[in-house]
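Structure first, then comments.
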Amino acid sequence: MVQNRNKLIELFIGNLSNAIVHEILEKAVSSKSMADKYRKELATSFGIAKRYREKINPLKRTFPDKDINYIKEKIINNVKVELMIRISKGYKNIDLTLVDRLVDKALREVKIKM
């Protein structure tokens, strides 16, 4: 069961990271059509992350602090790495200062962090 839980946590982290990356990219673009594509990807990834969250731990129970810290650090690292890759490819107006705030907001929305 622990292996399955660890895999679910990694899948959750990946989808939530993807959602946050696309939320930042949505804010960075000026084109409405690109923003719509990022918004759609954000909604899809966030929905999948919510489903994984429900499978990991019942919503009424809190996560252990070590899990919360691991998840938060991993998401922040994943998002920053992906955004740096995008910046190196020539993406403009990406605000890396949004990462911590958006990660905290997302963790509260999926009831990982209260």
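Because the structure is a prediction, the values reported are computed rather than measured.
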Cluster check I87, V81: I/L/V/M/F/W/Y, side chain < 4.5 angstrom: no
E26 side chain reached by K40 side chain, heavy atoms, under 4.5 Å: no
N/O donor-acceptor pair under 3.5 Å between S88 side chain and I85 backbone: yes
CZ on F63 to CD1 on I71, rounded to 0.5 Å: 5.0 Å
Salt-bridge criterion met for K32 and D36 (N-O under 4.0 Å): yes
Basic-acidic side-chain contact under 4.0 Å: R86, E82: yes
CD1 on I75 to CD on E73, rounded to 0.5 Å: 11.0 Å
Connected via hydrophobic side-chain network under 4.5 Å: I20 and L25: yes
Beyond-backbone contact of F46 with N18, side-chain heavy atoms, under 4.5 angstrom: no
hydrophobic_cluster_shared for L98 and M34, side chain cutoff 4.5 Å: yes
Non-hydrogen side-chain atoms of D95 and K27 separated by less than 4.5 Å: no
Carboxylate-amine/guanidinium contact R101 D104, below 4.0 Å: no
Nearest-0.5 Å distance, CD of residue E10 to OG of residue S17: 9.5 Å
Flag side-chain contact, heavy atom, 4.5 Å: N78 against L16: no
Euclidean distance, S31 OG relative to K37 NZ, rounded to 0.5 Å: 8.0 Å
Approximate separation, where rounding is to 0.5 Å, of L107 CG and I68 CD1: 8.5 Å
Any donor-acceptor pair under 3.5 Å from N15 side chain to L11 backbone: yes
Option among R5, K74, R53 that satisfies the salt bridge (Lys or Arg N to Asp or Glu O under 4.0 Å) test with D67: R5
I24 side chain near Y38 side chain, heavy-atom distance below 4.5 Å: no
Derivation and outcome, side chain to side chain contact (heavy atoms under 4.5 Å, CB included), residues N4 and K55: CA-CA 10 Å; N4 190 29; K55 291 178 182 180; over 6 Å; no
Co-membership, hydrophobic cluster, residues V79 and V29, 4.5 Å side-chain: yes
Pairwise side-chain contact, F12 with V110, heavy-atom cut-off 4.5 Å (strictly under): yes
Value rounded to 0.5 Å, distance of NZ in K111 from CD in E54: 9.0 Å
Beyond-backbone contact of Y70 with I13, side-chain heavy atoms, under 4.5 angstrom: yes
